[in-house]
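None of these values were measured; they are calculated from a predicted model.
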Amino acid sequence: MARITASVYTSHVPAIGAAMDLGKTQEPYWQKVFSGYEFSRQWIKDNKPDVVILVFNDHATAFSLDMIPTFAIGCAAEFPVADEGWGPRPVPGVQGHPELAAHIAQSVIQQDFDLTIVNKMDVDHGLTVPLSLLCGDTKRWPFPVIPFAVNVVQYPVPSGMRCFRLGQAIRKAVESFDGDLNVQIWGTGGMSHQLQGPRAGLINREWDNRFLDRLIDDPEGLAQVPHLEYVREAGSEGIELVMWLIARGAMADVAGGPKPTVKHRFYHVPASNTAVGHLILENAL
């Protein structure tokens, strides 16, 4: 059967993508950020998945205030790189996995989660920056990707517990797929940051690291944290962290399996005006 072997968590700061695209990764400011992903790039090579389910939020590219689905799954065979106002990033287009994506949609909807099925979608930095961070400069991404978009832009947004339970439904869907696939699920976004208003530039190191601690050791308790705490402690854009709970909910220990192994943990401030967090968890074989 197909199985989820690991979950990967990372911020998707757009300036990180720009630093890579403009050849600035070895500048003193940026080198500290990218050093936190050196282990991860080798780990991906050593543990290359057959497919990645990448949980991200669209930034008014594929969707707009005219229509924002709470949860949307990309079922197409390919996803072009979006033009976010200054041309598409110079990275490869994304190859999808329509068979697994359609199966996940069928299974998760039958588990009473309403997914929007997307058969045509350009993908922005929310998806391409994590791929660049983990895969580096490449002419072709080394695995197919299923984009899984979550609305954390327009309120009301889904609760942490809703996301956590959705991750559990995705795990069940993957394990019922008729095919031998090594699947990883990535949660992206965050960590603490606020882009506007009197608190613009807010970063909360203590809260971010406590979030990482609880994501590892107490994910169900973390899933009960209300939206107000994210906004108060992690800034208006810190709510993106609920997407990490989808990836965490898909891990085996949540369903009674063994606790995952922490393969890598990294935290750095700042990258642009954002705290960067990164974590790799492996399921026991």
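- Of all the heavy atoms in Trp30 and Ile16, the pair that sits closest is CZ3-CG1, 3.7 Å.
- Look at Asp21 and Arg89 and you find a salt bridge, because one of the NZ, NE, NH1 or NH2 atoms lies within 4.0 Å of a carboxylate O, short of that distance.
- No more than 12 heavy atoms of other residues, nucleotides or ligands shown are found within 6.0 angstrom of CG on Asp137.
- Under the 4.5 Å side-chain heavy-atom criterion for grouping Ile, Leu, Val, Met, Phe, Trp and Tyr, Phe71 is not connected to Leu54 through any hydrophobic cluster.
- Side-chain atoms of Asp124 and Thr61 include a donor-acceptor pair closer than 3.5 Å.
- For the pair Asp213 and Arg265, the salt-bridge criterion is met [side-chain N within less than 4.0 Å of a carboxylate O].
- When side chains are defined from C-beta on, Pro260 does not count as touching Ser7, because their heavy atoms never get closer than 4.5 Å.
- For the residue pair Gln31 and Ser35, no side-chain donor N or O sits within less than 3.5 Å of a side-chain acceptor on the partner.
- No continuous path of ILVMFWY side-chain contacts below 4.5 Å connects Leu279 to Val129, so the two sit in separate hydrophobic clusters.
- Tracing side-chain contacts under 4.5 Å through hydrophobic residues (I, L, V, M, F, W, Y), one reaches Val108 starting from Leu245; they form part of the same cluster.
- The shortest distance between side-chain heavy atoms of Gln168 and Gln111 does not fall below 4.5 Å.
- With a 4.5 Å cut-off on side-chain heavy atoms, Cys163 and Met243 do not count as touching.
- Between Phe143 and Lys48, the closest heavy-atom pair is CD2-CG, 4.2 Å.
- The local environment of CG in Asp114 is sparse, with at most 12 non-hydrogen atoms from other residues, nucleotides or ligands closer than 6.0 Å.
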| message | Would Glu240 and His12 count as a side chain to side chain contact (heavy atoms under 4.5 Å, CB included) here? Give the steps. | response | CA-CA 10 Å; Glu240 290 179 351; His12 60 216; 3.6 Å; yes
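- With a 4.5 Å cut-off on side-chain heavy atoms, Asp122 and Asp83 do not count as touching.
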| said: ring-ring contact (aromatic ring centres under 6.0 Å, His included) for Tyr37 and His278? Distances and angles first, verdict last. | reply: CA-CA 8 Å; Tyr37 291 85; His278 176 40; 4.4 Å; yes
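- Aromatic pair Trp207/Tyr230: centroids less than 6.0 angstrom apart.
- Heavy-atom minimum distance, Gly136 versus Trp141: O-CZ3, 4.0 Å.
- No side-chain heavy atom of Leu212 sits under 4.5 Å from any side-chain heavy atom of Tyr9.
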| task | Give the C-alpha distance, both sets of side-chain angles, the deciding distance and a yes or no for side chain to side chain contact (heavy atoms under 4.5 Å, CB included) between Lys263 and Leu281. | result | CA-CA 6 Å; Lys263 298 300 294 185; Leu281 301 180; over 6 Å; no
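- Inter-residue side-chain proximity for Phe56 and Thr128 is flagged as unmet; no heavy-atom pair is nearer than 4.5 Å.
- Residues Glu282 and Trp43 have side chains that bring a donor and an acceptor to within less than 3.5 angstrom of each other.
- Residues Asp208 and Tyr267 have side chains that bring a donor and an acceptor to within less than 3.5 angstrom of each other.
- Counting only heavy atoms from C-beta outward, the side chains of Glu233 and Ser192 never approach each other to under 4.5 Å.
- Ile216 and Val55 end up in the same hydrophobic cluster when Ile, Leu, Val, Met, Phe, Trp and Tyr side chains are linked at under 4.5 Å.
- Enclosure of atom CE in Met1 by more than 12 non-hydrogen atoms of other residues, nucleotides or ligands within 6.0 angstrom is indicated.
- Counting only distance, with no hydrogens or angles, the side chain of Arg171 and the backbone of Ala252 share no donor-acceptor pair below 3.5 Å.
- Using a 3.5 Å distance cut-off with no hydrogens or angles, the side chains of Glu84 and His59 do not pair a donor with an acceptor.
- Closest approach of Arg3 to Asn283, counting heavy atoms only: NH2-CB, 4.5 Å.
- Between Phe266 and His268, the angle of the ring planes stays under 30°, which puts this pair in the parallel group of the 30/60° scheme.
- His97 and Asp50 are not linked by any side-chain donor-acceptor pair at a separation below 3.5 angstrom, with hydrogens and angles left out of the test.
- Taking Ile, Leu, Val, Met, Phe, Trp and Tyr as hydrophobic and joining them when side-chain heavy atoms fall under 4.5 Å apart, one finds Leu65 in a cluster with Ile68.
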Could you pull out all donor-acceptor pairs under 3.5 Å where a side-chain atom in residues 176-187 meets a protein atom, sequence neighbours excluded?
from	atom 1	to	atom 2	distance (Å)
Ser176	OG	His103	NE2	2.8
Ser176	OG	Lys172	O	3.3
Ser176	OG	Ala173	O	2.9
Asn182	OD1	Thr5	OG1	2.6
Gln184	OE1	Trp186	NE1	3.1
Gln184	NE2	Asn47	O	3.1

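- With sequence neighbours excluded, the residues that form a side-chain contact (heavy atoms from CB on, under 4.5 Å) with Gln194 are Gln196, Arg199, Leu202, Ser236, Glu237.
- Side chain of Ser11 to backbone of Val13: no donor-acceptor contact under 3.5 angstrom is found.
- A continuous path of hydrophobic side-chain contacts links Val52 to Met121 [ILVMFWY only; heavy atoms under 4.5 Å].
- Counting all heavy atoms, side chain and backbone alike, Ser40 lies closest to Ile280 at OG-CD1, 3.6 Å.
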